[in-house]
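For reference, the structure discussed in these notes is given below.
Lettering of chains follows the sequences in order, A, B, ..., and the numbering in each one begins at 1.
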2 protein chains.
Amino acid sequence: MNASRSSAAVEDYLERILELINTKGYARVVDIATSLGISQASVTNMVQRLDAEALLKYEKYRGMVLTTAGETLARNIARRHQLLTDFLKLLGLDERVIEHDVEGMEHHISPSTLRAIEALTAQLKRRPALLARLSKQRGAVS
Amino acid sequence: MNASRSSAAVEDYLERILELINTKGYARVVDIATSLGISQASVTNMVQRLDAEALLKYEKYRGMVLTTAGETLARNIARRHQLLTDFLKLLGLDERVIEHDVEGMEHHISPSTLRAIEALTAQLKRRPALLARLSKQRGAVS
DNA sequence: TAATTAAGTTAGCCATGCCTAACTTGAACT
DNA sequence: AGTTCAAGTTAGGCATGGCTAACTTAATTA
Ligand SMILES: [Mn+2]
Ligand SMILES: [Mn+2]
Ligand SMILES: [Mn+2]
Ligand SMILES: [Mn+2]
């Protein structure tokens with residue numbers, strides 16, 4: 001029923017859940033909470049909502065698995081995160097600034113904008129001289 | 001007192017209020033509402049909050065002026081909006097996609113990231129060949 | 001197996017930011 | 001001056017997404 005577009009919060013949860021599953025094999029409430037820096041109660045709440053929205057299947061006290069729909073969304077946001085990170089890294093920005101900015105921007109990038117930035121990143125990777133000039137033009141630090 | 005960072009909503013209001021003042025000479029509740037696509041009631045509410053936070057001075061039923069703090073914030077978000085728009089325009093994206101994406105991303109760009117994108121934009125403007133290759137590499141359309 | 005404790009859940013709360021409906025204010029026209 | 005009506009305000013409500021405190025479940029340990 002409810003096909004309304006995903007919120008930034010939903011995308012962040014799905015992204016983190018997929019990441020935990022990929023690295024640890026499973027996603028537990030306590031790990032999601034620690035990793036997102038929020039309370040376990042908030043995670044329980046959202047996990048139940050994601051279950052209701054059929055983005056994952058959750059068995060209380062047991063565990064969760066992403067549904068096909070949930071995994072598709074998760075992979076999609078993970079891809080936006082990765083491509084934006086790659087792009088900003090090229091510009092020589094500080095790691096933590098990149099992480100912060102990407103975490104916010106990733107929720108507002110249309111497919112066509114993403115493709116354009118992807119293409120630009122590929123081109124820039126072949127032009128180290130241009131990138132060097134960039135760093136020089138700015139303060140050269142962060 | 002309350003130095004907590006501004007929300008995206010606050011930034012959007014301030015940006016629009018400054019724009020109305022710059023183009024019409026004053027910002028009225030009804031115009032802010034129409035221009036942001038929200039109800040007058042919501043605008044009244046936020047305007048009163050911005051007054052309480054000393055970002056503008058509001059005289060009920062009369063009018064509003066930005067305080068120094070409010071104008072500083074407004075100019076700042078307007079600049080982020082402009083620079084991001086310039087950058088995405090360079091990539092040949094559709095106007096409406098740009099507007100949509102910028103409206104979201106502008107709230108998540110750190111000063112150093114902004115400077116980097118500004119420098120990149122300046123360099124790219126001197127390399128039309130690279131930009132042409134970019135458009136070709138993608139679908140060439142939006 | 002019984003006790004302990006980490007993990008998870010529930011209940012109740014709050015801030016933000018939006019809405020509609022109903023009312024008030026003040027400007028403009030007669 | 002009285003009427004009309006656009007603009008503005010207030011009241012009350014809702015969804016989202018956080019929180020803490022108290023309780024329950026289940027895994028571990030003695
Ligand atoms: Mn994010
Ligand atoms: Mn992310
Ligand atoms: Mn915006
Ligand atoms: Mn803007």
Side-chain angles (χ1 to χ4, degrees), chain A residues 1-17 20-21 24-65 70 73-74 77 103-104 106-108, chain B residues 1-17 20-21 24-65 70 73 77 100 103-104 106-108:
Chain A
M1 292 298 135
N2 201 357
S4 67
R5 243 194 94 279
S6 296
S7 69
V10 164
E11 291 187 332
D12 283 338
Y13 274 95
L14 290 175
E15 183 185 10
R16 203 56 59 98
I17 288 166
L20 284 167
I21 289 175
K24 303 191 44 165
Y26 46 86
R28 292 163 61 176
V29 168
V30 68
D31 294 330
I32 300 169
T34 301
S35 149
L36 288 177
I38 61 188
S39 72
Q40 288 183 210
S42 298
V43 173
T44 293
N45 209 277
M46 177 62 90
V47 164
Q48 289 174 352
R49 186 182 132 192
L50 295 176
D51 179 282
E53 290 177 12
L55 295 175
L56 53 77
K57 256 182 273 192
Y58 185 48
E59 197 181 340
K60 238 185 213 176
Y61 297 108
R62 294 301 186 161
M64 66 192 76
V65 289
L73 283 181
I77 178 68
E103 208 45 67
E106 63 185 0
H107 309 288
H108 307 280
Chain B
M1 298 299 136
N2 199 356
S4 67
R5 246 195 90 279
S6 296
S7 69
V10 165
E11 291 187 331
D12 283 338
Y13 275 94
L14 291 175
E15 183 185 10
R16 204 55 60 100
I17 288 166
L20 284 168
I21 289 175
K24 303 192 47 166
Y26 46 86
R28 293 162 60 177
V29 168
V30 68
D31 293 329
I32 301 169
T34 301
S35 149
L36 288 177
I38 62 188
S39 73
Q40 288 182 211
S42 298
V43 173
T44 293
N45 209 277
M46 177 61 90
V47 163
Q48 288 174 352
R49 185 183 133 194
L50 295 176
D51 178 283
E53 289 175 14
L55 296 174
L56 52 78
K57 256 182 274 192
Y58 185 50
E59 197 181 341
K60 235 186 214 176
Y61 296 110
R62 293 304 186 157
M64 68 192 74
V65 288
L73 284 181
I77 178 68
H100 168 275
E103 208 46 65
E106 63 184 0
H107 309 288
H108 307 278

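- Interatomic distance, CG of Leu55(A) versus CZ of Arg49(A), reported as 9.0 Å (0.5 Å rounding).
- The nearest whole Å value for the distance from the CD1 atom in Ile32(A) to the P atom in dT9(C) is 10 Å.
- Atom CG of Leu20(B) sits about 8.5 Å away from atom CG of Leu36(B), to the nearest 0.5 Å.
- The CD1 atom of Ile38(B) sits 16 Å away from the P atom of dT16(C) (whole-angstrom rounding).
- Within the structure, every side-chain polar atom (N or O) of Ser39(A) is placed at least 4.0 Å from both OP1 and OP2 of dG18(D).
- Dashed line: the shortest gap from a side-chain N or O of Gln48(B) to OP1 or OP2 of dT10(D) is under 4.0 Å.
- When each of Asp31(B) and Val10(A) is assigned the nucleotide of DNA chain D with its nearest heavy atom, Asp31(B) is the one assigned upstream, toward the 5' end.
- Not one side-chain nitrogen or oxygen of Thr44(A) sits closer than 4.0 Å to the OP1 or OP2 atom of dT10(C).
- When distances run from any side-chain atom of Ala41(A) to the nucleotides dA21(D), dT16(C), dA11(D), the shortest one goes to dA21(D).
- Here the P atom of nucleotide dA6(C) and the CZ atom of Arg62(A) are 20 Å apart, to the nearest Å.
- For Arg49(A), the listed nucleotide lying nearest its side chain is dT16(D); candidates were dA7(C), dG8(D), dT16(D).
- Rounded to an integer number of Å, the gap from Arg28(B) CZ to dA7(D) C1' is 7 Å.
- Going from atom CD of Glu59(B) over to atom C1' of dG8(D) covers 14 Å, rounded to whole Å.
- A distance of 7.0 Å separates CG of Leu56(A) from CG of Leu14(A), quoted to the nearest 0.5 Å.
- To the nearest 0.5 Å, the span separating CD1 on Ile32(A) from CD on Gln40(A) amounts to 10.5 Å.
- For Ala9(A), the listed nucleotide lying nearest its side chain is dG18(D); candidates were dT10(D), dT25(D), dG18(D).
- Between His108(B) and His107(A), the gap from one ring centroid to the other reaches at least 6.0 Å.
- When the C1' atom of dC13(C) is taken as reference, atom CG of Asn45(A) falls 13 Å away, rounded to whole Å.
- Taking side-chain N and O atoms only, Tyr26(B) has no distance below 4.0 Å to OP1 or OP2 of dA7(D).
- When all heavy atoms of Asp12(A) and Glu106(A) are compared, the closest pair comes out as OD1-OE2, 3.2 Å.
- For Tyr13(B), no side-chain nitrogen or oxygen approaches OP1 or OP2 of dT16(C) to under 4.0 Å.
- In this model, the phosphate group of dG26(C) is not approached by any side-chain N or O of Lys60(B) to a distance below 4.0 Å at OP1 or OP2.
- At whole-Å resolution of the value, CE in Met64(B) and C1' in dG8(D) are 10 Å apart.
- For the pair Met46(B) CE and dG8(D) C1', the interatomic distance rounds to 17 Å; values are reported in whole Å.
- At least one side-chain nitrogen or oxygen of Tyr58(A) sits closer than 4.0 Å to the OP1 or OP2 atom of dT9(C).
- Proximity of Ser42(B) to the phosphate of dC19(C): a side-chain N or O atom is located under 4.0 Å from OP1 or OP2.
- Here dG17(D) is the nucleotide among dT24(C), dG17(D), dA7(C) with the atom lying nearest to any side-chain atom of Ser7(A).
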